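Comments concern the structure below.
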Amino acid sequence: MVESVTQAAARLDAALVLAARQQTAAIGRSLLAERDVSSPDDLSASQRVRWRARAKALSRHEIEAATGWGPGEVVDLVGLATAPLEASEPVIEAMASGVAPWRLARSFWRDCGSLGAEEAAHVAGALFGTDPDTCAPERLDPDGEVSEGPWFHREFRAALRREVTRMRSTDVAAARAAREAALASRAMSVTVDEDGTGASSSSAQPSR
C-alpha cells in the first residue's frame, strides 16, 4: 500500500515538472509574439538571455500562485523543467517510474544546476539512468542489473555528493574511469588467513 502510494506520488511529481516545462514554453512563445518574432533565433544573444529569464520569472510567479510553494522551491522546479534535455530527461523518467520523488530530483538540481550541461547530464545518467554500464554502483542489484526499486535517500545523497565532487574536480572521461574502478572494487572481497596470507575473490555484493 505504502509503496503504491509513494510511486504514484513520484509519477505526479514527474507530471508537475513536465507541466512547468510546458507552461514556461508557452509563456516564452507569448513573449516572442509580443515582439512579433517567431523564434528565439530571431533575437540577439543578449535579447535571448533576457527573453529566457523573463519567461522563467513569469512561470515561477504563476506556479507560486497555483501551489503556494516558496520561491526557492519554485526556482528549482522551473530550473529542472527548463534544463537541457540530456540532464532533465533521466530525472523525469526516474520520477515517472516511481524510482525517485521530487525531493531527490530537487536535491540533484540544487547541486547540479550550476554545472555545465555535459557535467549535469553525466550526473543525471549516473543517478537516474537505466544503463548498468554508466549508472551509480548503488543502483545495481546483486546480478549487476539496475534495480527497479526506489532510491534509498541516504544512498542517493552519498552518490550525489560523490558524482558532483568528481564533476567539479575532473573531466567526464576521468569520472567514468573512476566509476568503473569503484564498481570493480565493490565486487571484490578479501579473506585474510590467520598466518597473515590472504586471498581475493570477485563477487557481486548487494547494494543495500
Side-chain angles (χ1 to χ4, degrees), residues 10-11 13-25 28 40-41 45 48-49 51-53 55-56 59-60 72-141 144-153 155-184 186 207:
R11 288 192 287 270
D13 290 341
L16 180 60
V17 177
L18 290 174
R21 175 189 290 175
Q22 293 166 1
Q23 174 177 282
T24 307
D41 294 336
R48 281 196 298 273
V49 170
W51 163 77
R52 181 176 174 84
K56 292 170 70 173
S59 184
R60 291 194 297 265
E73 190 161 13
V74 174
V75 165
D76 294 333
L77 175 63
V78 175
L80 177 60
T82 57
L85 293 180
E86 58 267 30
S88 61
E89 283 303 296
V91 185
I92 297 171
E93 290 173 4
M95 296 168 73
S97 65
V99 169
W102 164 244
R103 184 185 305 175
L104 299 189
R106 186 187 185 196
S107 294
F108 160 79
W109 185 248
R110 287 174 68 86
D111 284 3
C112 297
S114 60
L115 296 176
E118 184 179 5
E119 288 78 10
H122 174 84
V123 178
L127 299 181
F128 301 101
T130 58
D131 185 347
D133 292 332
T134 57
C135 76
E138 292 88 346
R139 287 298 295 161
L140 299 181
D141 64 21
E145 299 297 326
V146 180
S147 171
E148 296 181 357
W151 254 114
F152 282 69
H153 289 210
E155 288 188 355
F156 174 86
R157 292 193 170 91
L160 175 62
R161 286 193 298 269
R162 181 187 68 236
E163 296 299 330
V164 171
T165 298
R166 287 176 180 170
M167 289 300 97
R168 293 188 186 281
S169 62
T170 188
D171 59 33
V172 174
R176 289 191 182 122
R179 184 261 177 203
E180 292 171 0
L183 182 57
R186 172 177 173 268
S207 60

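All values below were derived from every heavy atom in this structure, side-chain atoms included, with hydrogens, water molecules and symmetry-related copies excluded. This is a predicted model, so every value here is computed, not measured.
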### Query
When you look at R162 and R166, which way does the side chain to side chain contact (heavy atoms under 4.5 Å, CB included) test go after all the steps?
CA-CA 6 Å; R162 181 187 68 236; R166 287 176 180 170; 3.5 Å; yes

What heavy-atom pair brings [X] and [Y] nearest, and what distance separates the two atoms?
| X | Y | answer |
| --- | --- | --- |
| A10 | P101 | CB-CA, 4.1 Å |
| V146 | T130 | CG2-O, 3.5 Å |
| A124 | A87 | CB-O, 3.3 Å |
| L115 | A120 | CB-N, 4.1 Å |
| P132 | G144 | CB-O, 3.5 Å |
| G149 | R139 | O-NH2, 2.9 Å |

Margin query: Can you confirm whether R103 is buried at CZ, in the sense that more than 12 heavy atoms of other residues, nucleotides or ligands lie under 6.0 Å from that atom?
Written below: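 Count not over threshold, so no.
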
Next item on the list: Answer yes or no: does atom CD of E86 have more than 12 heavy-atom neighbours from other residues, nucleotides or ligands under 6.0 Å?
Entry: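 Yes.
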
Considering only NZ, NE, NH1 and NH2 on the basic side and carboxylate oxygens on the acidic side, decide whether E138 and R161 come within less than 4.0 Å.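 The answer is no: the pair does not qualify as a salt bridge.
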
Determine whether [X] and [Y] make a side-chain contact, defined as any pair of heavy atoms from C-beta on separated by less than 4.5 Å.
| X | Y | value |
| --- | --- | --- |
| R52 | T82 | yes |
| R21 | L85 | yes |
| L104 | H153 | yes |

Would you say the side-chain atoms of [X] pair up with the backbone N or O of [Y], donor to acceptor, closer than 3.5 Å?
| X | Y | value |
| --- | --- | --- |
| W102 | L77 | no |
| R60 | D76 | no |
| Q23 | S59 | yes |
| W51 | G28 | yes |

Among residues at least two apart in sequence or on other chains, which ones pass ring-ring contact (aromatic ring centres under 6.0 Å, His included) with F128?
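With sequence neighbours excluded, F128 shows a ring-ring contact (aromatic ring centres under 6.0 Å, His included) to F108, F156, given in chain and number order.
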
Distance from [X] atom [atom1] to [Y] atom [atom2], nearest 0.5 Å?
| X | Y | atom1 | atom2 | value |
| --- | --- | --- | --- | --- |
| E119 | E163 | CD | CD | 12.5 Å |
| H122 | L127 | NE2 | CG | 9.0 Å |
| M95 | L80 | CE | CG | 7.0 Å |

